[in-house]
2 protein chains.
Amino acid sequence: MASESFQDNKKYQDLLATGKELFFKHGIKRITIEEICEKAGVSKMTFYKFFRNKEDLGIRILSQINDRILAEQDEIMTQNIPFIDKTRGIINHLIKTHEELADIFLDEMWGSNEDFLIFFNSLKKGSYQMVSNFIAQGQKEGVIRKSLKPEMILYLFDVFQGMLNSERMKEIAPDPHERLDSILNFIFYGIIDSSVKKVNA
Amino acid sequence: MASESFQDNKKYQDLLATGKELFFKHGIKRITIEEICEKAGVSKMTFYKFFRNKEDLGIRILSQINDRILAEQDEIMTQNIPFIDKTRGIINHLIKTHEELADIFLDEMWGSNEDFLIFFNSLKKGSYQMVSNFIAQGQKEGVIRKSLKPEMILYLFDVFQGMLNSERMKEIAPDPHERLDSILNFIFYGIIDSSVKKVNA
DNA sequence: TGTATAATATACTATTATCGTATAAACTTA
DNA sequence: TAAGTTTATACGATAATAGTATATTATACA
């Protein structure tokens, strides 16, 4: 009756871990399914029992990472500390976690496969919800500008996501980490109400 | 009349540099010729003007590296310093230079392609000559055991080369660098006449 | 132990990727 | 302009990979 209970299957997890390792190292397109199976010590048939194809595995890997990151962010956001400290915590966490996503993994997914695009859109919704709550709380506490409309957030997300790997942005900052950092720093530090600094200073 | 004068051709060097970069990162088998051409900004036809195929490029890259390493080693060996210091210099240099050769680059060449095997044998001869001279000089200076016969050297080289990526050795030291280091350290420190230490101490 | 279930190795076809070459257009350079 | 290069494009041949079917082996369980 319990239909999807292979989450805790060892071979499933082995394939997930091996796939993650290889994808992060070389990017999805360079890795073959047989290579993953061989390294994970799992037969190809078992692979297809768990995953539809290579992209499916990629999405599950991303999904797992996303879940973990969201949980960690949630933990930071629900701490009982001043909002400005929470913001710093969030920024640090975002930078740290995104460094984890190897450049090539990001680059090679972007734009190549349609499934990934669809998946990223769903991830975006989750992030939107989270940041939306974060902004609302910040506005309530008077740390974030009240004039920033919630509807603006999704649009900002789209814009920044487009910025991240645009040719123009790549010229400005060839290093993907630098790109991400500068955008994240802008998003968070750029929207902080300067009157807070006065209060603190 | 000067038949092979493309050594200083810019596109030739670009292909060499790009090939080196990509091969070191992902290994030869993961990289396509078109990928190299695209990244180097050179057309495929031009590639085939310079190189017979991917393996040919690989060999030229290795050859270039080998030449540089041999030259550097020769420079160390011809310095006017005590032989024991020279030995340390050689060891440091060997370790440093071999770290440069990415694990995967070594791994994926080994055993896969026949051309590489032939090429490695020719490299071995060069190394043999160099180390042979080194040993002879060391014996003359009384730093290296005189009982070590020159004929032994080539055999040792073969044995250690076989050791390097053997399954047994991989179990002992999964990290290729560690394998190389331990073998190199053994070769050099293991053959040093202990009486020298007494003299210095 | 015998039976049911699951995993694997193997073989196989269809599809896709890559190689290496041919050709004409575009670009250099004298 | 003219001659030699480089490139873009297309192409067939070949090799790699995906995904599936089947028979065999291993595992669990009663």
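Below, chains carry the letters A, B, ... as their sequence lines are ordered, and counting in each starts from 1. Worth knowing before you read on, the calculation uses all heavy atoms, side chains too, and leaves out hydrogens, waters and symmetry mates.
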Residue list, salt bridge (Lys or Arg N to Asp or Glu O under 4.0 Å) with [X], at least two apart or on another chain:
| X | answer |
| --- | --- |
| E38(A) | none |
| K39(B) | E21(B) |
| D56(A) | R60(A) |

Using side-chain heavy atoms (C-beta onward) and a distance below 4.5 Å, is [X] in contact with [Y]?
| X | Y | result |
| --- | --- | --- |
| I33(B) | F51(B) | no |
| Q73(A) | L70(A) | yes |
| E35(B) | R30(A) | yes |

Please write out each protein N/O paired with an N/O of nucleotides 18-22 of chain C under 3.5 Å, distance rounded to 0.1 Å.
| unit_1 | atom_1 | unit_2 | atom_2 | d |
| --- | --- | --- | --- | --- |
| dC19(C) | OP1 | I33(B) | N | 3.3 |
| dC19(C) | OP2 | I33(B) | N | 3.3 |
| dG20(C) | OP2 | Y48(B) | OH | 2.9 |
| dG20(C) | O5' | Y48(B) | OH | 3.4 |
| dG20(C) | N7 | K44(B) | NZ | 3.0 |
| dG20(C) | O6 | K44(B) | NZ | 2.8 |

Problem set entry | Terminal axis angle for the helix from dT1(C)-dA30(D) to dA30(C)-dT1(D), five pairs an end, nearest 10 degrees | 50°
Problem set entry | For E34(A), all residues meeting side chain to side chain contact (heavy atoms under 4.5 Å, CB included), sequence neighbours excluded | T32(A), K44(A)
Problem set entry | side chain to side chain contact (heavy atoms under 4.5 Å, CB included) involving K11(A) - partner list, sequence neighbours excluded | N9(A), V42(A), T46(A), F50(A)
Exercise. Reckon T46(A) has a side-chain N or O less than 4.0 Å from the OP1 or OP2 of dT8(C)?
Worked result: yes
Would you be so kind as to tabulate the donor-acceptor pairs closer than 3.5 Å made by side chains of residues 74-83 of chain A, with sequence neighbours excluded?
| unit_1 | atom_1 | unit_2 | atom_2 | d |
| --- | --- | --- | --- | --- |
| T78(A) | OG1 | D74(A) | O | 2.9 |
| T78(A) | OG1 | E75(A) | O | 3.3 |

Seminar exercise, completed: Contact span of DNA chain D against chain A, any nucleotide atom under 4.0 Å from a heavy atom, 5' to 3', runs dT17(D) to dA21(D)
Exercise. What residues, two or more places apart in sequence or in another chain, satisfy side chain to side chain donor-acceptor pair (under 3.5 Å) together with S63(A)?
Worked result: none
Between protein and nucleotides 27-30 of chain C, what N or O pairs are separated by less than 3.5 Å?
none

